[in-house]
Amino acid sequence: MPDTLIIAGEVARPAELAAADLAELPAAAQIADVSTLDPKRSGQAVRLAALLDYVGAKPTARWLTLHASADDFHASIPLDAVRERAVIIYRQNGEPLSVKAGGPFRFFIPDFAACHTHEVDECANVKFVDRMELTAERGHDNRPHDAAEHAELHKKDTE
Ligand SMILES: Nc1nc2c(c(=O)[nH]1)N[C@H]1C(S)=C(S)[C@@H](COP(=O)(O)O)O[C@H]1N2
Ligand SMILES: [Mo]
């Protein structure tokens with residue numbers, strides 16, 4: 001499992017960041033306790049908007065693709081829909097976010113739609129994100145399309 005997060009594509013300054021680098025982003029970028037956004041979640045996060053500023057996202061960046069090479073899961077979402085609300089959870093109790101919790105980096109949209117109902121749905125809360133790619137056009141996305149595919153995917157959670 002890679003312990004860095006790559007941010008690439010339509011950005012002025014592509015970056016590869018460790019959790020310690022995220023922790024050094026300014027206080028305004030940090031969410032000390034994610035349960036304030038969603039009571040079912042916990043940990044420390046940084047705002048997507050702060051990361052976009054850090055890498056210098058270009059105006060040509062319209063889509064954000066979240067890649068988890070660990071299990072070959074990918075979601076591509078319109079950047080404008082998540083720019084100001086999505087966060088990346090990267091720590092819990094002072095430790096790197098565990099794989100069990102979707103770490104080391106977990107994308108999280110606080111007010112997601114139900115699974116497979118919308119481009120920005122719960123399925124886009126990608127766990128084990130190792131690369132975030134900004135593009136002009138939609139990128140790779142293999143989220144489940146319907147309830148049957150979704151049930152099949154979640155069977156893996158318990159295997
Ligand atoms: N890497 C990765 N991220 C993933 C998935 C996955 O299979 N692999 N499943 C997605 C789906 S379909 C859902 S509904 C949510 C479930 O997150 P939760 O287990 O934290 O509720 O994670 C999403 N993130
Ligand atoms: Mo889902």
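The figures that follow rest on heavy atoms only: side chains count, while hydrogens, waters and symmetry mates do not. Every number for a ligand or one of its atoms is a count from 1 in the order of the listing.
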Exercise. May I ask you to decide if Ala28's main-chain N or O and Arg47's side chain share a donor-acceptor pair within less than 3.5 Å?
Key: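 Pair found, side chain donor or acceptor close to backbone of Ala28.
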
Quiz item: Taking Asn125 for the side chain and Ile109 for the main chain, is one N or O donor matched with an acceptor at less than 3.5 Å?
Solution: yes

Practice problem: Go through the side-chain N and O atoms of Ser42 and Gln92 and say whether any donor and acceptor fall under 3.5 Å apart. | Solution: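 Distance-only check passes for Ser42 and Gln92.
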
Practice problem: Check whether more than 12 heavy atoms from other residues, nucleotides or ligands sit under 6.0 Å from atom CZ of Arg85, and answer yes or no. | Solution: yes

Quiz item: With sequence neighbours excluded, what pairs up with His118 under the ring-ring contact (aromatic ring centres under 6.0 Å, His included) test?
Solution: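 His118 satisfies ring-ring contact (aromatic ring centres under 6.0 Å, His included) with no residue once adjacent residues are dropped.
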
Practice problem: Report all protein residues having a heavy-atom distance below 4.0 Å to some atom of ligand 1; order the list by chain, then number. | Solution: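 Close residues (ligand 1, cut-off 4.0 Å): Arg41, Ala68, Asp71, Phe73, Arg106, Cys115, Glu122, Cys123, Asn125, Val126, Lys127, Phe128, His150, Leu153, His154.
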
Quiz item: Which distance, rounded to the nearest 0.5 Å, do you find between the CG of Leu22 and the CD1 of Ile89?
Solution: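 Here the interatomic distance stands at 12.5 Å.
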
